[in-house]
Amino acid sequence: MTGERLTVTERPLASITDDVCATLEQRPSRWWWIAFSFAVSAASFGVYCILRSFRLGLGVWGLNSTVGWGVDITNFVFWIGVGHAGTLISAILLL
């Protein structure tokens, strides 16, 4: 294994590092700032929702009725079901 080439081209390995790091060394483009502002807006909305939930209570989630489950329990049960279904299907296919 000693002496085998790692790349097909004749470029030095330092040029690969330069290509990978080039995006980090440039200033962000306009589209990056648009995507970043969208992500900050979504994160701010999430923080607002959490603070509102703390301030007003779990009634915001739909837990007003003693019979109904509410969004949080329904969501939890759905994702647990999805996780178990994937595991079950994988186990059946393995057999």
Inset, instruction - First locate atom OH of Tyr48, then atom OG of Ser53, and finally report the distance between them rounded to the nearest 0.5 Å. - result: 11.5 Å

Inset, instruction - Report the distance from atom CG of Leu56 to atom CG of Leu51, rounding to the nearest 0.5 Å. - result: 10.5 Å

Legend entry - From Glu25 atom CD to Thr23 atom OG1, the distance as rounded to the nearest 0.5 Å: 8.5 Å

Inset, instruction - If a pair satisfies side chain to side chain donor-acceptor pair (under 3.5 Å) and one of its residues is in residues 28-40, list it, with sequence neighbours excluded. - result: none

Legend entry - Under 3.5 Å: donor-acceptor pair, side chain of Ser90, backbone of Gly86: yes

Inset, instruction - Nearest 0.5 Å please: distance from the CG atom of Leu94 over to the CD1 atom of Ile89. - result: 13.5 Å

